[in-house]
Amino acid sequence: MLLNKSEFLFNRAQQFIPGGVNSPARAFKSVGGIPVFFKKAKGSIITDEDGNEFIDYVGSWGPMILGHAYPPVVKAVQDASFNSTSFGAPTEIEIQMAELVQRMVPNIEKVRMVNSGTEACMSAVRVARGYTGKEKIIKFEGNYHGHGDAFLIKAGSGALTLGQPSSPGVTKGTAKDTLNADYNDLTSVEKLLKKNKDNVAAIILEPVAGNMGCIPPEPGFLEGLRKLCDEHETVLIFDEVMTGFRLARGGAQERFDVWADLVTFGKIIGGGLPVGAFGGKEEIMNVVAPVGPVYQAGTLSGNPLAMSAGLAQLGALEKHPEIYVELEEKTEYLQKRLRLLLYEHEIDFDMHRVGSMVSIFFTSESVKDFKTANTTDQEFFRVFFHEMLKRGIYLPPSPFESWFLGNSLTYEMLDKTIAAADEALGVTKLKVNE
Ligand SMILES: *Cc1c(COP(=O)(O)O)cnc(C)c1O
């Protein structure tokens with residue numbers, strides 16, 4: 001398949017935009033080749049600038065849980081835009097959004113809207129620090145919480161893909177307040193809490209890791225963190241930017257029945273528009289300005305187009321909980337068949353699925369944290385990715401990203417994907433062993 005126009009556009013983009021992209025995970029760095037430039041999409045079919053069609057397993061990295069150009073979202077945005085695209089003053093739709101979030105995630109007593117997942121996580125940590133008067137935070141190696149300085153120390157996602165989990169430009173002063181523990185390892189957390197007694201404001205984590213591939217929490221891990229936070233008067237922050245409204249209406253909290261003090265959202269909450277949010281216990285949220293002294297603000301926060309899109313998408317998810325059942329059945333269908341193929345082709349792998357998030361790790365290790373995730377055969381993934389792309393399947397262009405399924409996927413599309421994977425795995429095995 002020729003990607004002529006993408007190649008042309010990528011060359012042009014690189015002259016004016018760093019690396020030709022506005023976010024590094026898009027640049028195909030870890031798979032090589034030319035990133036595909038897209039023109040339009042409907043449901044789970046995305047069309048590139050050359051008119052090639054692909055079945056989409058990226059879903060804009062999560063937001064498109066109901067498919068692209070979902071009619072109620074499109075209509076909501078159109079309708080809202082006629083009444084102005086921004087006021088910078090309160091609107092009723094912001095209340096509707098806050099009420100809806102609380103109905104779906106009952107421990108969100110108060111919520112503040114922001115413009116991205118990054119902003120949500122940065123703000124949640126500031127709030128936790130303001131509330132506790134403590135300075136340090138504990139995060140987990142390979143988890144990603146956006147590009148706030150405090151998080152760019154052993155981070156996942158694009159940072160991991162580029163092989164620079166820690167970024168230049170983050171000062172030593174900032175880095176010293178971020179402590180890294182090992183995912184699924186409570187002992188590593190206990191050690192840090194002991195060593196930094198009475199100075200850990202928050203533990204922040206992805207309750208299901210999705211930015212070093214999909215890695216579920218082992219039984220007892222989330223419960224153990226909850227208990228440690230209670231003992232140490234530390235704020236437990238679940239970063240549900242990826243998992244929120246995806247793993248259940250109430251996200252990972254509902255799915256695992258472990259409830260955090262603060263929760264961050266992004267991706268699905270905006271229906272594809274730039275939205276993030278953080279919320280939780282009223283007592284903690286009351287430190288946020290203008291009620292309390294912890295400053296947090298945004299000219300476009302609660303923007304009417306963004307709120308309309310989010311409200312339309314979350315509204316559909318609230319009204320139709322069967323979507324979660326259907327989506328899980330589809331993902332399981334795909335997972336089971338891929339698993340069989342991998343056995344048939346005698347390829348070493350580990351595979352994780354939680355709800356509609358799924359990842360293949362090409363490794364003989366059992367993957368449960370950053371270290372084991374890193375044993376995945378990146379060269380194998382690189383070849384596999386392009387063999388799938390050639391066959392019309394658009395996977396996340398990195399071995400360290402979860403696939404995100406949307407409910408617009410049909411069983412016919414899943415079967416097509418499985419047939420493509422059968423061929424692609426065979427070809428990849430030959431090519432890599434050459
Ligand atoms: C995507 C993501 C973020 C960052 O959100 P942006 O909207 O890209 O700033 C934070 N945390 C997690 C878990 C994410 O997956």
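In this text the structure is predicted, and so the values were computed from the model without any measurement.
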J.: Are side-chain N/O atoms of Thr171 and Thr174 paired as donor and acceptor at under 3.5 Å?
T.: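 A donor-acceptor contact under 3.5 Å links the two side chains.
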J.: Is a side-chain donor or acceptor of Ser398 paired with a backbone partner of Phe400 at a separation under 3.5 angstrom?
T.: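 Yes, the answer is positive, given that a donor and an acceptor are paired below the 3.5 Å cut-off.
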J.: Is there side-chain contact between Ser408 and Leu66, with at least one heavy-atom pair below 4.5 Å?
T.: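 No - every pair of side-chain heavy atoms lies 4.5 Å or more apart.
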J.: Assess the residue pair Met242 and Tyr144 against the criterion (side-chain contact (heavy atoms from CB on, under 4.5 Å)); give the C-alpha distance rounded to whole Å, side-chain angles, the decisive distance to 0.1 Å, and a yes or no.
T.: CA-CA 10 Å; Met242 216 173 236; Tyr144 181 69; over 6 Å; no
J.: For residues 192-205, run the donor-acceptor check on the side chains, cut-off 3.5 Å, and write out each pair with its distance to 0.1 Å, sequence neighbours left out.
T.:
{"residue": "Asn196", "atom": "ND2", "partner": "Leu192", "partner atom": "O", "Å": "2.9"}
{"residue": "Asn199", "atom": "OD1", "partner": "Glu135", "partner atom": "N", "Å": "2.9"}

J.: Taking it one step at a time, do Tyr131 and Asn286 satisfy side-chain contact (heavy atoms from CB on, under 4.5 Å)?
T.: CA-CA 9 Å; Tyr131 174 73; Asn286 278 346; over 6 Å; no
J.: Of all the heavy-atom pairs spanning Ala209 and Asn143, show the shortest one and how long it is.
T.: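 Minimum heavy-atom contact is CB-OD1, 3.9 Å.
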J.: Begin from the C-alpha positions of Tyr394 and Tyr57 and carry the test ring-ring contact (aromatic ring centres under 6.0 Å, His included) through to its verdict.
T.: CA-CA 6 Å; Tyr394 189 68; Tyr57 288 92; 9.7 Å; no
J.: Can you confirm whether or not the ring centre of Phe28 sits under 6.0 Å from the ring centre of Phe10?
T.: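 No, the ring of Phe28 stays outside the 6.0 Å limit from the ring of Phe10, centre to centre.
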J.: Below 4.0 angstrom, N of the basic side chain to O of the carboxylate: do Lys371 and Glu141 qualify?
T.: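 Result for this pair is no, no salt bridge flagged.
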J.: Take Arg246 and Glu240, measure what salt bridge (Lys or Arg N to Asp or Glu O under 4.0 Å) needs, and give me the verdict at the end.
T.: CA-CA 9 Å; Arg246 173 168 288 280; Glu240 296 231 41; over 6 Å; no
J.: Where does the angle between the aromatic ring planes of Phe361 and His352 fall among parallel (under 30°), tilted (30 to 60°) and perpendicular (over 60°)?
T.: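 Phe361 and His352: perpendicular rings.
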J.: If you define the side chain from C-beta out and look only at heavy atoms, does anything of Lys227 sit under 4.5 Å from Glu231?
T.: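 Yes, their side chains come closer than 4.5 Å.
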J.: Is there a ring-ring contact (aromatic ring centres under 6.0 Å, His included) between Tyr183 and Phe221? Walk through the geometry before answering.
T.: CA-CA 9 Å; Tyr183 202 74; Phe221 180 58; 5.2 Å; yes
J.: Just wondering, do Lys416 and Ile55 contact through their side chains at under 4.5 Å, heavy atoms?
T.: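 Side chain of Ile55 against side chain of Lys416, heavy atoms only: contact under 4.5 Å found.
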J.: Could you walk me through whether Lys110 and Glu282 pass the salt bridge (Lys or Arg N to Asp or Glu O under 4.0 Å) test, one step at a time?
T.: CA-CA 6 Å; Lys110 286 263 169 78; Glu282 177 159 19; 2.9 Å; yes
J.: Within this structure, what is the CD-CG distance for the pair Glu190 and Asp185, rounded to the nearest 0.5 Å?
T.: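 Going from the CD atom of Glu190 to the CG atom of Asp185 covers 9.0 Å.
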J.: Minimum heavy-atom separation for Glu94 and Gly302, please, with both atom names.
T.: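 In this case the closest contact between Glu94 and Gly302 is CG-O, 3.6 Å.
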J.: Counting only heavy atoms not in His147, do more than 12 sit closer than 6.0 Å to its NE2 atom?
T.: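 No, NE2 of His147 has 12 or fewer neighbouring heavy atoms, counting only those of other groups under 6.0 Å.
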J.: Has the side chain of Gln313 got a donor or acceptor atom that lies under 3.5 Å from a matching backbone atom of Ile268?
T.: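 Yes: the side chain of Gln313 pairs with the backbone of Ile268.
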J.: Give the C-alpha distance, both sets of side-chain angles, the deciding distance and a yes or no for salt bridge (Lys or Arg N to Asp or Glu O under 4.0 Å) between Glu423 and Arg391.
T.: CA-CA 9 Å; Glu423 286 180 18; Arg391 290 167 177 80; 2.7 Å; yes
J.: Is any side-chain heavy atom of His145 closer than 4.5 Å to a side-chain heavy atom of Glu206?
T.: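 A side-chain contact under 4.5 Å exists here.
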J.: Distance check, rounded to the nearest 0.5 Å: Leu152 atom CG versus Ser167 atom OG?
T.: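 It is 5.5 Å, given to the nearest 0.5 Å.
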J.: For the side chain of Glu387 and the backbone of Ala424, is there at least one donor-acceptor N/O pair under 3.5 Å apart?
T.: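 Looks like no, no N/O pair under 3.5 Å.
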J.: Indicate yes or no: at least one non-hydrogen side-chain atom of Ile360 is less than 4.5 angstrom from one of Gln335.
T.: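 No, their side chains stay 4.5 Å or more apart.
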J.: Roughly how far, to the nearest 0.5 Å, is the OG1 atom of Thr372 from the CG atom of Asp350?
T.: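 Answer for the CG-OG1 pair, Asp350 versus Thr372, is 8.5 Å.
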J.: Is Asp377 reaching over with its side chain to a backbone N or O of Phe362, donor-acceptor style, under 3.5 angstrom?
T.: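 Looks like no, no N/O pair under 3.5 Å.
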J.: Work out which heavy atom in Val208 is nearest to a heavy atom in Pro217; give both atom names and the distance.
T.: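 The pair with the smallest heavy-atom distance is CG2-CD, 3.8 Å.
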J.: In Å and rounded to the nearest 0.5 Å, what is the CG to CD distance from Leu314 to Glu318?
T.: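 The CG atom of Leu314 sits 9.0 Å away from the CD atom of Glu318.
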J.: For His345 and Asp422, does a side-chain donor sit closer than 3.5 Å to a side-chain acceptor?
T.: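 Yes, Asp422 and His345 have a side-chain donor paired with an acceptor closer than 3.5 Å.
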J.: Check for a donor-acceptor pair, side chain of Arg129 on one end and backbone N or O of Lys134 on the other, with a separation under 3.5 Å.
T.: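 Not confirmed, Arg129 side chain does not pair with Lys134 backbone.
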J.: Can you find a heavy atom in the side chain of Asp182 that is under 4.5 Å from one in the side chain of Phe140?
T.: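 Counting from C-beta outward, Asp182 and Phe140 never come under 4.5 Å.
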J.: Can you find a side-chain donor-acceptor pair between Trp259 and Asp257 that sits under 3.5 Å?
T.: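 Indeed, the side chains of Trp259 and Asp257 share at least one donor-acceptor pair under 3.5 Å.
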J.: Taking everything shown except Tyr295 itself, do over 12 heavy atoms lie less than 6.0 Å from its OH?
T.: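 Not buried by this count: 12 neighbours or fewer within 6.0 Å.
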J.: Under a plain distance cut-off of 3.5 Å, with no hydrogens placed, do Lys330 and Asn407 share a side-chain donor-acceptor pair?
T.: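 Note: Asn407 and Lys330 side chains meet the donor-acceptor criterion.
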J.: State, yes or no, whether a side-chain contact exists between Thr47 and Phe38 at a heavy-atom distance under 4.5 Å.
T.: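 Contact flag for Thr47/Phe38 side chains = no.
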J.: Can the ring centroids of Phe265 and Phe245 be said to lie less than 6.0 angstrom from one another?
T.: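 Yes, the ring of Phe265 comes within the 6.0 Å limit of the ring of Phe245, centre to centre.
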J.: Using a cut-off of 6.0 Å, state whether more than 12 heavy atoms not belonging to Glu322 lie near its atom CD.
T.: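 It does: Glu322 CD has more than 12 such atoms within range.
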J.: Can you find a heavy atom in the side chain of Glu233 that is under 4.5 Å from one in the side chain of Thr132?
T.: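 The answer is no; the side chains never approach within 4.5 Å.
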J.: Under 3.5 Å, side chain of Gln102 to main-chain N/O of Pro106, donor-acceptor pair present?
T.: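 No; judged by distance alone, with no hydrogens or angles, the pair does not exist.
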J.: Determine the minimum heavy-atom distance between Val31 and Arg382, stating which atoms define it.
T.: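 Shortest heavy-atom contact: O-CG, 3.0 Å.
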J.: Look only at the side chain of Lys42 and the backbone of Ala69, and say whether a donor-acceptor pair between them is shorter than 3.5 Å.
T.: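 Yes, the answer is positive, given that a donor and an acceptor are paired below the 3.5 Å cut-off.
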J.: Just by distance, do the side chain of Thr243 and the backbone of Gly251 share a donor-acceptor pair under 3.5 Å?
T.: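 No, because the side chain of Thr243 does not come within donor-acceptor range (under 3.5 Å) of the backbone of Gly251.
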J.: Assess Arg339 against Tyr343: is NZ or CZ under 6.0 Å from the centre of the six-membered ring, and within 45 degrees of the ring's axis?
T.: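 Here Arg339 fails the 6.0 Å and 45° test against Tyr343.
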J.: How close do Ala277 and Met113 get, heavy atom to heavy atom, and via which atoms?
T.: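 Closest approach of Ala277 to Met113, heavy atoms only: CB-SD, 3.9 Å.
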J.: Using the side-chain contact (heavy atoms from CB on, under 4.5 Å) rule, take Asn184 and Ile215 through it: C-alpha gap first, then chi angles, then the decisive distance, then the call.
T.: CA-CA 9 Å; Asn184 277 326; Ile215 303 180; 4.1 Å; yes
J.: With rounding to the nearest 0.5 Å, note down the distance linking CG in Asp369 to OG in Ser188.
T.: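 Going from CG on Asp369 over to OG on Ser188, the span is 9.0 Å.
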J.: Answer yes if the side chains of Tyr324 and Ser356 hold a donor-acceptor pair under 3.5 Å, and no otherwise.
T.: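 Short answer, no.
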J.: In plain terms, say whether Lys336 and Glu332 are close enough for a salt bridge, that is, a side-chain N and a carboxylate O under 4.0 Å apart.
T.: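 Salt bridge between Lys336 and Glu332, a charged N being under 4.0 Å from a carboxylate O: yes.
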J.: Has Ser359 got a side-chain atom pairing as donor or acceptor with Cys214's backbone, closer than 3.5 angstrom?
T.: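 Yes, because the side chain of Ser359 sits within donor-acceptor range (under 3.5 Å) of the backbone of Cys214.
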J.: Keeping Ser6 on the side-chain end and Val36 on the backbone end, is there a donor-acceptor pair under 3.5 Å?
T.: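 Checking the backbone N and O of Val36 against the side chain of Ser6, no donor-acceptor pair under 3.5 Å is found.
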J.: Can you tell which of Lys136, Arg126, Lys139, Lys172 makes a salt bridge (Lys or Arg N to Asp or Glu O under 4.0 Å) with Asp177?
T.: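 Output: one option passes, namely Lys136.
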J.: Identify the two heavy atoms, one from Ala124 and one from Thr264, that lie closest to each other, and give their separation to 0.1 Å.
T.: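 Scanning both residues, the minimum pair turns out to be CB-CG2, 3.7 Å.
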J.: Please report the C-alpha distance between Val367 and Thr376 in whole Å, then the side-chain angles of each, then the deciding distance to 0.1 Å, and finally whether the side-chain contact (heavy atoms from CB on, under 4.5 Å) criterion is met.
T.: CA-CA 9 Å; Val367 173; Thr376 200; over 6 Å; no
